[in-house]
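Take a look at the structure below.
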Amino acid sequence: LEEENATLRRKISKLQVLSETQADKMRKLEKKLEENKIKEEKEAQDLEAMVQHVEQNLQLMTKRAVKAENSAAKLRQENALLQVQLRNYKAENEALQLGQAGLAAAKQNAELALQHLLRVTTSSRASIRQLLSGAESLQLVADLLKSIDRISEVSEDGQ
């Protein structure tokens with residue numbers, strides 16, 4: 001009976017040691033789980049901050065693109081108006097050449113109109129280039145947002 005009692009005590013002692021070891025492992029795993037939760041929350045906050053920053057940049061670029069589009073439309077309109085004016089000056093110039101009256105004034109008017117038209121055309125081209133650059137930037141931001149969505153989906157699937 002004493003021998004059986006001693007055997008049982010040894011088993012109890014071994015079970016207590018095993019229980020303490022498992023309790024330690026459990027505490028360590030719980031601590032690690034809590035650390036992982038905190039880390040994931042921080043990563044989620046960082047990702048959210050990055051998304052907000054990208055959205056702000058996208059809004060800013062959209063405003064710039066709209067402004068550039070409006071500017072380009074105004075310049076195209078002004079360009080068309082100046083082309084009409086140039087045609088009128090050319091017609092006036094031809095009429096004056098036929099009548100030989102006021103030829104120098106008509107040439108001067110036509111030259112001024114041509115110079116103005118060339119300035120507007122150059123300005124229009126620069127605005128159109130700026131508009132295209134803004135559109136490329138918007139496409140880059142849209143691609144970045146798509147990749148962020150994919151990263152979020154992959155991380156959610158990975159959990």
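In this chain, numbering begins with 1 at the start of the sequence shown. Worth saying up front: this structure is predicted, and the values here are computed from it rather than measured.
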Open item on the list: Let's go through Asn88 and Glu92 carefully: what are the C-alpha distance in whole Å and the side-chain angles of both, what is the deciding distance for side chain to side chain contact (heavy atoms under 4.5 Å, CB included) to 0.1 Å, and is it a yes or a no?
Closed with: CA-CA 6 Å; Asn88 291 339; Glu92 183 182 335; over 6 Å; no

Task: Nearest heavy-atom neighbours spanning Leu114 and Leu86 - done: N-CD1, 4.1 Å

Task: Neighbour count above 12 (heavy atom, 6.0 Å) for Glu4 CD - done: no

Open item on the list: Is it true that Asp143 and Gln139 share a donor-acceptor pair across their side chains at a distance under 3.5 Å?
Closed with: yes

TODO: Nearest 0.5 Å please: distance from the CZ atom of Arg125 over to the CG atom of Asn79.
DONE: 9.0 Å

Open item on the list: Within this structure, what is the CG-CG distance for the pair Leu145 and Leu58, rounded to the nearest 0.5 Å?
Closed with: 6.0 Å

Task: Side chain to side chain, Lys25 and Thr21, heavy atoms closer than 4.5 Å - done: yes

Open item on the list: Tell me whether Ser123 contacts the main-chain N or O of Arg119 through its side chain, where contact means a donor paired with an acceptor under 3.5 Å.
Closed with: no

Open item on the list: Is it the case that the side chain of Ser19 and the backbone of Leu15 share a donor-acceptor pair, with hydrogens and angles ignored and the cut-off at 3.5 Å?
Closed with: no

TODO: Give the minimum heavy-atom separation between Leu131 and Ala65, together with the two atoms involved.
DONE: CD1-O, 3.6 Å

Task: Smallest separation among heavy atoms of Ser127 and Leu75, with atom names - done: OG-CD1, 3.1 Å

Task: side chain to side chain contact (heavy atoms under 4.5 Å, CB included) between Glu78 and His116, worked out - done: CA-CA 11 Å; Glu78 187 177 343; His116 190 61; 3.9 Å; yes

- [ ] Return the minimal non-hydrogen interatomic distance between Tyr89 and Ala113, and the atom names on each side.
- [x] CD1-CB, 3.2 Å

Open item on the list: Check this for me: Gln52, atom CD, are more than 12 non-hydrogen atoms of other residues, nucleotides or ligands nearer than 6.0 Å?
Closed with: yes

Open item on the list: Just to verify, what does Arg27 make a salt bridge (Lys or Arg N to Asp or Glu O under 4.0 Å) with, not counting sequence neighbours?
Closed with: Asp24

Task: Residues which pass salt bridge (Lys or Arg N to Asp or Glu O under 4.0 Å) with Asp46, listed by chain and number, not counting sequence neighbours - done: Lys42

Task: Neighbour count >12 (heavy atoms, 6.0 Å) for atom CD, Gln77 - done: no

TODO: Measure the CG-NZ distance between Leu33 and Lys28 for me, rounded to the nearest 0.5 Å.
DONE: 16.0 Å

- [ ] Verify, without hydrogens or angle tests, whether Ser13 (side chain) and Arg9 (backbone) share a donor-acceptor contact under 3.5 angstrom.
- [x] no

Open item on the list: How long is the straight-line distance from CD of Glu43 back to CE of Met50, given to the nearest 0.5 Å?
Closed with: 11.0 Å

- [ ] Side-chain contact test, heavy atoms from C-beta onward, threshold under 4.5 Å: evaluate it for Glu35 versus Lys39 and give yes or no.
- [x] no

Task: Gln85 atom CD, neighbour heavy-atom count above 12 within 6.0 Å - done: yes

- [ ] Report the distance from atom CG of Leu18 to atom NZ of Lys11, rounding to the nearest 0.5 Å.
- [x] 14.0 Å

Open item on the list: Distance alone, cut at 3.5 Å: any donor-acceptor contact between the side chains of Arg10 and Thr7?
Closed with: yes

Open item on the list: When you group the ILVMFWY residues by side-chain heavy-atom contacts below 4.5 Å and let the links chain together, are Leu47 and Leu144 in the same group?
Closed with: yes

- [ ] Determine whether Arg76 and Ile128 make a side-chain contact, defined as any pair of heavy atoms from C-beta on separated by less than 4.5 Å.
- [x] yes

Open item on the list: Let me confirm one number: the CG-CZ distance from Leu82 to Arg87, rounded to the nearest 0.5 Å.
Closed with: 11.0 Å

- [ ] Tell me whether Leu118 is reachable from Leu112 by hopping between hydrophobic residues (I, L, V, M, F, W, Y) whose side-chain heavy atoms are closer than 4.5 Å.
- [x] no

